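Side chains included, hydrogens not; waters and symmetry mates left out as well; all remaining heavy atoms used. Treat the numbers as computed from the prediction; the structure is a model and nothing was measured. Below, read A as the first sequence line, B as the second, and so on, with proteins coming before strands; counting in each chain starts at 1.
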2 protein chains.
Amino acid sequence: MQTLQAQVGSAPHAVGDQTGKSVELAPGVALAGFTMRFERNEEIFAEEEEADFVYKVVSGAVRDVRILSDGRRQIGAFHLVGDVFGLECGETHLYSAEAVVDCEIALVRRSALDKAADQDGAAARKLWDLTSRDLLRLQDHMLLLGRKSALERVASFLIRMSTRGAAGEAVDLPMSRSDIADYLGLTIETVSRTFTQLERDRAISMPSSRHIVLHNRLAMADS
Amino acid sequence: MQTLQAQVGSAPHAVGDQTGKSVELAPGVALAGFTMRFERNEEIFAEEEEADFVYKVVSGAVRDVRILSDGRRQIGAFHLVGDVFGLECGETHLYSAEAVVDCEIALVRRSALDKAADQDGAAARKLWDLTSRDLLRLQDHMLLLGRKSALERVASFLIRMSTRGAAGEAVDLPMSRSDIADYLGLTIETVSRTFTQLERDRAISMPSSRHIVLHNRLAMADS
DNA sequence: CGTCCCCTTGAGTTATTTCAACACTCGTGG
DNA sequence: CCACGAGTGTTGAAATAACTCAAGGGGACG
């Protein structure tokens with residue numbers, strides 16, 4: 001397993017200058033960092049690995065992954081352009097992160113972050129706030145996984161994605177059906193069938209499998 | 001809906017002195033607070049309510065609850081003696097909390113906490129750490145809800161409960177089957193049947209429905 | 001043109017839910 | 001002291017949502 005530490009050391013992916021580039025982690029919290037490229041399905045960091053960096057998506061998309069010993073997989077979150085991820089309070093990462101598509105990722109050293117938090121109470125508060133926001137999102141997702149039907153899960157997912165992209169109705173999904181299934185706690189077949197059903201019911205249009213247009217009646221399928 | 005604010009104002013439940021009692025929220029973080037009693041199924045705070053207090057279980061047990069508009073319920077966590085809950089970074093609570101059984105709860109004013117965090121960087125860090133620990137627990141739970149079978153869910157639940165109580169093998173469950181079902185994303189019937197199955201398979205003994213003794217083969221049902 | 005990967009669709013299976021009935025415990029009041 | 005009722009837990013039988021297995025379609029790329 002290739003560690004990020006090793007990657008940064010030999011810097012096979014590093015682009016841009018490694019010194020001065022400023023990365024804004026939260027409004028008012030900008031720190032020196034650098035950017036790296038990761039290609040589709042490449043691991044950005046692994047579970048149990050030392051959390052020496054904090055990350056922000058510059059382009060592309062990232063998934064948080066947890067795996068059971070027998071291979072069952074659960075995706076905890078997708079991170080899109082502008083999202084910060086991999087911020088841990090403890091020493092190690094609690095899950096692994098992988099590039100959904102080719103990505104450009106900004107990195108900030110954890111040590112720089114700790115220093116900023118120690119000096120500035122407001123900055124410390126904003127870091128806490130980032131973690132707190134993750135917690136909120138996870139609680140919504142827990143409700144989805146514990147209590148919603150396949151139809152509701154897919155509809156919720158599409159609506160959630162649409163509120164994050166630029167346009168109101170057109171959504172493009174960088175991730176595969178397999179990623180969506182592991183995010184929603186379903187199988188790829190169920191996800192595929194549900195997309196088809198939503199299209200038959202005129203709740204969405206699917207120009208292609210990665211491009212979805214939401215119609216207003218989709219909200220009825222959500223809860 | 002009776003708000004906590006109102007309760008504290010008229011103090012129908014307040015016991016002990018409301019001034020000097022020290023509550024330890026985390027190792028090294030102790031603040032002045034007071035205690036209140038809540039009876040079984042009483043609401044401690046509600047979703048959307050102002051988060052003016054932080055809470056710690058002195059005796060009894062508490063559940064975090066989220067409800068869908070049609071009544072489907074998901075319990076996000078159980079808090080046992082010693083656990084801190086209701087700590088929000090933002091202004092309002094993201095879920096409601098209810099007493100599973102008659103409870104004694106210690107309360108600390110949020111304002112006192114903020115003051116401590118502003119003055120002491122280490123205290124601020126410990127608050128962040130508390131939120132971070134909640135996040136970790138929730139991620140495990142997400143994997144359970146998304147990818148585990150009913151048998152695995154119940155086994156995981158029992159093992160998790162056993163590591164929190166005093167003794168190694170004997171677990172007592174203060175919560176009803178309905179609470180367990182809403183925590184594990186199952187129905188009460190499935191939970192009940194799974195307990196019966198585990199007992200038939202000699203993975204547990206059930207002297208009564210709230211008292212469970214775990215046998216070592218239970219671990220095999222977990223993942 | 002062929003291969004690989006991903007997505008879709010169909011048919012049959014199964015885990016879990018739903019609906020229904022019954023058992024147990026524990027107060028309360030006759 | 002016993003009868004009653006409410007609340008809670010268990011069990012059975014039938015229904016069903018989602019899964020599994022299997023086959024085929026379509027686009028990207030060499």
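Screening residues 89-100 of chain A for salt bridge (Lys or Arg N to Asp or Glu O under 4.0 Å), with sequence neighbours left out, gives A/R63-A/E98. For residues 187-206 of chain B, no residue pair satisfies the ring pair (Phe, Tyr, Trp, His ring centres under 6.0 Å) rule, not counting sequence neighbours.
Under the side chain to side chain contact (heavy atoms under 4.5 Å, CB included) criterion, A/D172 pairs with A/H211, sequence neighbours left out. Here A/R193 pairs with nothing under the salt bridge (Lys or Arg N to Asp or Glu O under 4.0 Å) rule; sequence neighbours left out. By the side chain to side chain donor-acceptor pair (under 3.5 Å) test, B/T194 is found to be paired with no residue, residues two or more places apart in sequence or in another chain being considered. Partners of A/Y183 according to the side chain to side chain donor-acceptor pair (under 3.5 Å) rule, which considers only residues two or more places apart in sequence or in another chain, are A/R160.
Residues from residues 145-159 of chain B lying near DNA chain C, meaning a heavy-atom separation below 4.0 Å, are B/S149, B/A150 in numerical order. Contacts between residues 194-201 of chain B and DNA chain C, counted as heavy-atom distances below 4.0 Å, involve no residue at all. If you check residues 65-76 of chain A against DNA chain C, you find no residue with a heavy atom closer than 4.0 Å.
Bounding nucleotides for the chain B contact on DNA chain D, 5' to 3', at a heavy-atom distance below 4.0 Å, are D/dT8 to D/dA13.
Between the side chain of A/R147 and the backbone N or O of B/R72 there is no donor-acceptor pair closer than 3.5 Å.
C/dC6 atom C1' lies 8 Å from atom CD1 of A/I188, rounded to whole Å.
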Close N or O pairs between protein and nucleotides 19-24 of chain C (under 3.5 Å):
residue: C/dC19; atom: N4; partner: B/E189; partner atom: OE2; Å: 3.1

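Across the helix from C/dC1-D/dG30 to C/dG30-D/dC1, the helix axis at one end is tilted relative to the axis at the other end by 20° (nearest 10 degrees, each axis from five pairs).
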